[in-house]
Amino acid sequence: MVSVEGEDLAKLTVKELMISSEKVAHVQGGNPLDHALLILIKSGYSAVPVLDATFRLKGIISKSNILDNVMGIERFEMEKLNDKKVEEVMKVDVPYLKESDNFLKGLKSVIDNPFVCVVDDEHSFTGILTRRTILKQVTKNIYTNGANSSKNKQ
Ligand code: AMP
């Protein structure tokens with residue numbers, strides 16, 4: 001049985017699970033769309049956080065945001081990649097977590113999002129929590145609990 005309460009998972013915090021900001025690819029709101037597209041393509045990610053010059057979280061930009069915005073009636077208007085800025089097309093209403101949030105809050109947050117940004121009290125970006133990390137942790141817990149309950153039966 002997978003149980004969060006009373007098990008090790010319940011004790012974990014977002015801080016212990018997140019990918020810290022130094023390892024996270026990001027763009028700035030004032031960057032042109034072509035720069036953001038380059039970062040997204042080169043990193044292989046479908047979306048990355050958008051920060052301001054002081055590292056505050058502003059939103060998330062995705063490949064589909066960008067493509068939607070350069071799509072004209074008959075063709076992709078690639079010249080818009082240079083004309084528009086990330087802050088004009090990014091998603092601004094994005095969920096976020098605090099480092100002190102518990103595992104369950106992290107788990108719920110990644111149900112609808114492949115990753116969720118983590119911020120401090122000043123809304124400065126400190127990292128991301130990914131669905132992959134959460135699933136890996138749950139899997140590890142299932143195996144550990146399975147091994148422990150087999151030992152207990154012996
Ligand atoms: P994953 O669960 O590792 O597949 O990551 C899910 C999503 O989280 C990716 O598609 C990216 O949008 C984002 N992501 C994961 N790792 C990074 C990173 N190091 N830098 C920027 N974005 C990331």
Side-chain angles (χ1 to χ4, degrees), residues 1-5 7-71 76-78 80-146:
M1 194 173 87
V2 185
S3 162
V4 169
E5 280 168 44
E7 296 292 342
D8 290 341
L9 285 183
K11 293 184 199 138
L12 286 173
T13 60
V14 166
K15 186 181 170 67
E16 294 164 83
L17 297 169
M18 69 186 206
I19 301 173
S20 66
S21 58
E22 317 87 70
K23 296 181 194 146
V24 178
H26 73 271
V27 294
Q28 292 200 356
N31 290 148
L33 289 188
D34 58 359
H35 175 76
L37 194 56
L38 195 76
I39 298 287
L40 287 164
I41 291 171
K42 283 199 138 191
S43 65
Y45 298 128
S46 47
V48 292
V50 181
L51 310 180
D52 69 11
T54 62
F55 240 64
R56 287 213 172 84
L57 176 66
K58 292 289 157 187
I60 288 178
I61 185 96
S62 65
K63 284 177 190 156
S64 58
N65 274 156
I66 297 177
L67 292 178
D68 276 352
N69 268 275
V70 299
M71 195 163 61
F76 284 108
E77 295 163 357
M78 300 310 262
K80 285 188 183 162
L81 285 177
N82 236 328
D83 299 343
K84 285 199 178 183
K85 288 184 174 169
V86 167
E87 61 205 3
E88 295 174 63
V89 312
M90 68 188 183
K91 190 173 177 225
V92 286
D93 189 17
V94 295
Y96 58 86
L97 292 162
K98 294 281 172 70
E99 290 186 2
S100 55
D101 286 334
N102 64 21
F103 181 84
L104 193 55
K105 188 158 180 194
L107 171 67
K108 284 183 187 160
S109 76
V110 297
I111 291 175
D112 290 326
N113 305 284
F115 75 97
V116 174
C117 294
V118 185
V119 296
D120 66 14
D121 290 340
E122 277 78 50
H123 216 65
S124 290
F125 177 72
T126 63
I128 58 171
L129 180 70
T130 66
R131 192 183 283 159
R132 181 195 299 266
T133 309
I134 289 282
L135 289 176
K136 272 169 80 175
Q137 196 60 49
V138 170
T139 310
K140 194 171 144 196
N141 186 267
I142 291 169
Y143 278 110
T144 311
N145 283 348

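Remember, it's a predicted structure, so these values are computed and weren't measured experimentally. Atoms within each ligand, like the ligands themselves, are counted from 1 in listed order.
With hydrogens and angles ignored, the 3.5 Å screen pairs a side-chain donor or acceptor of Asn31 with a backbone N or O of Gln28. Remark: the backbone N or O of Asp120 is not paired with any side-chain donor or acceptor of Ser124 at under 3.5 angstrom. Using modelled atom types, no side-chain atom of Asn69 and backbone atom of Ile66 make a donor-acceptor pair closer than 3.5 Å. Judged purely by atom type and a 3.5 angstrom limit, Gln137 has no side-chain atom pairing as donor or acceptor with the backbone of Ile134. Proximity of a side-chain donor or acceptor of Arg131 to a complementary backbone N or O of Val110 within less than 3.5 Å is detected.
In this structure, atom 23 (C) of ligand 1 lies nearest to the protein heavy atom Ile128 CD1, 3.4 Å. For atom 9 (C) of ligand 1, the nearest non-hydrogen atom of the protein is Tyr45 CD2, 3.6 Å. Atom 2 (O) of ligand 1 has as its closest protein heavy atom Arg132 CB, 3.0 Å. In this structure, the protein non-hydrogen atom closest to atom 7 (C) of ligand 1 is Phe115 CD2, 3.8 Å. Counting protein heavy atoms only, atom 6 (C) of ligand 1 is closest to Pro114 O, 3.8 Å. Ranking protein heavy atoms by distance to atom 20 (N) of ligand 1, first place goes to Ala25 N, 2.8 Å. Among all protein heavy atoms, the one lying closest to atom 19 (N) of ligand 1 is Lys23 O, 2.9 Å. Nearest to atom 12 (O) of ligand 1 among the protein's heavy atoms is Ala47 O, 2.5 Å.
Contact atoms of ligand 1 toward Ser46: 10 (O) (distance under 4.0 Å to a heavy atom of the residue).
Qualifying ring pair (Phe, Tyr, Trp, His ring centres under 6.0 Å) partners for Phe55, counting only residues two or more places apart in sequence or in other chains: His26.
The pair Lys11-Asp8 meets the salt-bridge criterion, since a charged nitrogen lies less than 4.0 angstrom from a carboxylate oxygen.
When heavy-atom distances to ligand 1 are checked against a 4.0 Å cut-off, Val24 comes that close through both its backbone and its side chain.
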